[in-house]
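The figures that follow rest on heavy atoms only: side chains count, while hydrogens, waters and symmetry mates do not. Being a predicted model, the structure only gives us computed values, none of them experimental.
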Amino acid sequence: MAAWGPAGCGDGGDGGERRRDLRPAEEYRAVTAEEWQEFLSHFERRKLALGECGRAYGTDCIHEHVCVRCPVLIVALDEKLRLEEIRDNLKDRIAEAEREKWFGEVEGLSTSLAAAEDEIAQIEAQQEKKQSPIFLGLPTLSQLTARNSEATE
């Protein structure tokens, strides 16, 4: 097992030199202005109407920008009303698709509806958790008096 280096960085005490020596030298070159701008714009493109996309840098959207279905969508708590509007619209669109017998559309919209309802439930759980008191494990008055009486005996 490698020894812990300075400041507990777990690099074997060599300050990361050995690890850097194993990496290709081109990984340690200076970043160009174009590369830096592309990196920054990645995060700008992750800002969405409902919150932010949590997908990793350099990865494409596998859901074809149907964000409400995506498990890496980070919904802002203050976007609950917008999400409820989306849910209600999905219900209306499902009813229309069923009426018109567009069964493929029903299936896709139902998947989005389930995801929207799940996101709403998560927001409600977070809001409830924020509003509920937190038990800190403080002793009751009877527990304190019992301790004091045991200590004086």
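Ile123 is listed as a side-chain neighbour of Gln127, based on a closest heavy-atom distance under 4.5 Å. Residues Leu73 and Cys53 fail the side-chain proximity criterion, which asks for heavy atoms closer than 4.5 Å.
Once rounded to the nearest 0.5 Å, the distance linking OG1 of Thr32 with CD of Gln37 reads 10.5 Å. Taken to the nearest 0.5 Å, the CG atom of Asp78 stands 11.5 Å off from the CG atom of Leu83. With rounding to the nearest 0.5 angstrom, the CG atom of Asn89 is 13.5 Å from the CD atom of Glu84. Taken from SG in Cys67 to CD in Glu119, the straight-line distance is 10.5 Å, to the nearest 0.5 Å.
For Lys80 and Glu124, the salt-bridge test passes: some basic side-chain N is under 4.0 Å from an acidic carboxylate O. Checked for salt-bridge contact, Arg82 and Glu79 meet the test: a charged N lies under 4.0 Å from a carboxylate O. Note on Lys101 versus Glu98: no salt bridge recorded, every NZ/NE/NH1/NH2 to OD/OE distance being 4.0 Å or above.
For Asp118 and Gln122, the side-chain atoms include at least one donor-acceptor pair closer than 3.5 Å.
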**salt bridge (Lys or Arg N to Asp or Glu O under 4.0 Å) assessment of Arg29 paired with Glu35** = CA-CA 12 Å; Arg29 65 175 175 72; Glu35 290 170 328; 2.6 Å; yes

**Prompt:** Going through the checks in order, is the side chain to side chain contact (heavy atoms under 4.5 Å, CB included) test met by Lys91 and Leu109?
**Reply:** CA-CA 8 Å; Lys91 287 179 179 179; Leu109 292 170; over 6 Å; no

**Item:** Candidate pair Glu105 and Arg93, rule side chain to side chain contact (heavy atoms under 4.5 Å, CB included), full reasoning
**Value:** CA-CA 9 Å; Glu105 192 77 10; Arg93 291 174 61 195; 3.9 Å; yes

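A chain of hydrophobic side-chain contacts below 4.5 Å, direct or via other Ile, Leu, Val, Met, Phe, Trp or Tyr residues, connects Val31 to Leu40. Residues Leu77 and Val72 do not share a hydrophobic cluster, clusters being chains of Ile/Leu/Val/Met/Phe/Trp/Tyr side chains in contact below 4.5 Å.
Remark: Glu107 CD is loosely packed, at most 12 non-hydrogen atoms of other residues, nucleotides or ligands lying under 6.0 Å away. For Glu100, the CD atom counts as densely surrounded, since its 6.0 Å shell holds more than 12 non-hydrogen atoms of other residues, nucleotides or ligands.
Between the side chain of Ser41 and the main chain of Glu44, no donor-acceptor pair closer than 3.5 Å is present. Looking at Arg69, its side chain does come within 3.5 Å of a backbone N or O of Gly108 through a donor-acceptor pair.
In this structure, Leu90 and Ala116 approach most closely via the heavy-atom pair CD1-CB, 4.3 Å.
A side-chain contact (heavy atoms from CB on, under 4.5 Å) with Leu113 is found for exactly one of Ile94, Ile86, Val106, namely Ile94.
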